[in-house]
Every structure is written in C-alpha cells, then in structure tokens.
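Notes to accompany the following structure.
No hydrogens, no waters, no symmetry mates; every other heavy atom, side chains included, goes into these values. Keep in mind that this is a model prediction, so the values were computed, not measured. In what follows, chains carry the letters A, B, and so on, assigned in the order in which the sequence lines appear, proteins first and then strands, with residues in each chain numbered from 1.
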Amino acid sequence: MCGTYAFRKAPREVRALLREHWRPIDIPDDAWRPSYKIKPTQTAPVLVGHSTPAIAKQRWGLLPHWMQERGKAQINAKAETVAEKPMFRDAMRKSRCIVLADGFYEPTGQTQPRPWYFFQDEGESLMGFAGIYTFSELNTVDSASFAILTTRPSKDVALVHDRMPVILPMDDWETWLNQDLSPPALEQFYQPEVSPRLESWPVPDDAKKASEPDGPNCIEVFNRTGI
DNA sequence: CCAGACGTTGTT
DNA sequence: GTCTGG
DNA sequence: CCAGACGTTGTT
DNA sequence: GTCTGG
C-alpha cells in the first residue's frame, strides 16, 4: 500500500458502530480528529487489548525497542513473513492491534506521477487493518508504534496495485486480538480471497496533492467528484 | 567470535 | 534482542 | 547459473 | 563429485 489511508469517522460515530456491531468500547469524544489522509509518523487510533479492548493512539511506523534509528521504522510488514522476521515476530506473537480506517489509497501504473485510487468497503462500514505494535523509548509521549500487515491483492485491488493491507472483518477482530493464538492460527486472514468486496475510484489530482489533508480538496475524494 | 543488519514501498 | 556473514 | 568450497575453534 | 552462496 502506498502509505496513506483514511479515517474520517468521528469518535462518537465509531463508538456507536462498535456498540452495535462488535462490543462497547469507552471512547472519549476527543479521542482523535477525523482525517482524510493519515500518513507515516502520524499518530492514529488503534484497537488494542485482549479481554478488555480499548483505543490507543500510536505512531505509524513500527520500531522495536532495541532499534535506535527512527529512520528504520516500518509502516508495513509482509504477512507472509511477519512471524519470522526478527523485527516483527515478537510483536506478531504478543502485540497485535486493529488499525481503524475507512479506506486506503493505492498508486497505479508506471507513468509519473502515479495516479491514486481510493478503496473502501462496499458496505461503508468500519474497516480494520491487521496491525502489530511495539513500545519504544524513542517514543516518549505516545510510546507505542504500529505497522500494517500487507498481502496479495484481492481481485478488486489487483487491477491497480500488487499489494494491499490485510483487512479483518469485524467478526475476526476478537481472534486477531487474542494473545493466546499463535501466528500460524492467523494465516487464514492473509488470503485476499476472504477480503471484503471493495469499491474504488480515482483520486482527483488536487486531492492527492492537497497539503491540507482535511481540506475541501480531499473531501472531493469522498464525494467521488473528478471521476 | 563480532560487526552489522534487522524492512517495505514509493518516488507527493 | 538475535541472527548472519565474514 | 557457476565459482568456489569441501573444516573446526574461538570470548575474559 | 556435490553443494552452497551470490
């Protein structure tokens, strides 16, 4: 994935959705600000916790506690190898999270600049990416950082790009967060064939370039103008 | 042993 | 922290 | 594919 | 002759 996703739902709305479709989570109204473009190094809300899930704010770009160079933080981890890689395996075993989103961007083609497409769930429901996280001394305030797992593209995405985030249907969130399960038990989630149907449309050029990520140019993306 | 890597995706 | 390559 | 190894020990 | 690493 191209390193940008969207989470434009407000805490109040998410609280209601979770209560209705998953389980009730305590979320303050000011837990986060909706954003049309969440990019690496930014802080974003994720679901963590086994018996009592909760919202945590974490930095996008995972850094193990033993790695000192912030520049080596990783925003993605390949699902095919995440359980073995030294950088990821501890987090994969014991620190999984669900990255809340409602869509993601993917670049396409070879010609520069590469156009983007936006993908979202057909049902417009809450999207959950499979994530892992670590704590690091380099992160003082929000001490945890996370990475999003990637996998082969589903049919919908394959036309545009060769990788996509691992998307977990809400029914699987509990399983993903269950620390008692080991990585082999989770491989079922990496199959793009079980990914939800996604709809997509081109991102207007000025929305892609918008420096103010929550300004009117980005909002166009969600109104599907500029197609 | 011990130094060096440890990762993925993109080039707005 | 742990593994690999030299 | 093809060059190069083909072996073990070691730290304080 | 056969295996491995690049």
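The side-chain heavy atoms of Val14(A) and Leu126(A), taken from C-beta on, include a pair separated by under 4.5 Å.
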### Message
Please convert DNA chain B into dot-bracket. A pair counts if it is Watson-Crick or G-U wobble with both distances under 3.5 Å; crossing pairs go in [ ] and bases paired with another strand get |.
### Response
||||||......
Interface polar pairs with nucleotides 1-3 of chain C, N/O, under 3.5 angstrom:
| unit_1 | atom_1 | unit_2 | atom_2 | d |
| --- | --- | --- | --- | --- |
| dT2(C) | O3' | Arg89(A) | NH2 | 3.3 |

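The backbone N or O of Ile27(A) sits less than 3.5 Å from a side-chain atom of Arg15(A), completing a donor-acceptor pair.
Between His161(A) and dG10(B) there is a side-chain N or O to OP1 or OP2 distance below 4.0 Å. For Arg114(A) and dT12(B), the shortest distance from a side-chain N or O to OP1 or OP2 is not below 4.0 Å. Here Thr81(A) does not reach the OP1 or OP2 of dG7(B): none of its side-chain N or O atoms lies under 4.0 Å away.
A distance of 6.0 Å or more separates the ring centres of Phe119(A) and Tyr105(A). Aromatic ring centroids of Trp173(A) and Phe189(A) lie 6.0 Å or more apart.
Listed by chain and number, the residues in a salt bridge (Lys or Arg N to Asp or Glu O under 4.0 Å) with Lys72(A) are Glu69(A) (sequence neighbours excluded).
Defined by atom type and a distance below 3.5 Å, a donor-acceptor pair is missing between the side-chain atoms of Thr43(A) and Arg59(A).
Of all heavy-atom pairs between Asp29(A) and Arg12(A), the closest is OD2-NH2, 3.5 Å.
In this structure, Phe104(A) places its CZ atom 15 Å from C1' of dT9(B), rounding to the nearest Å.
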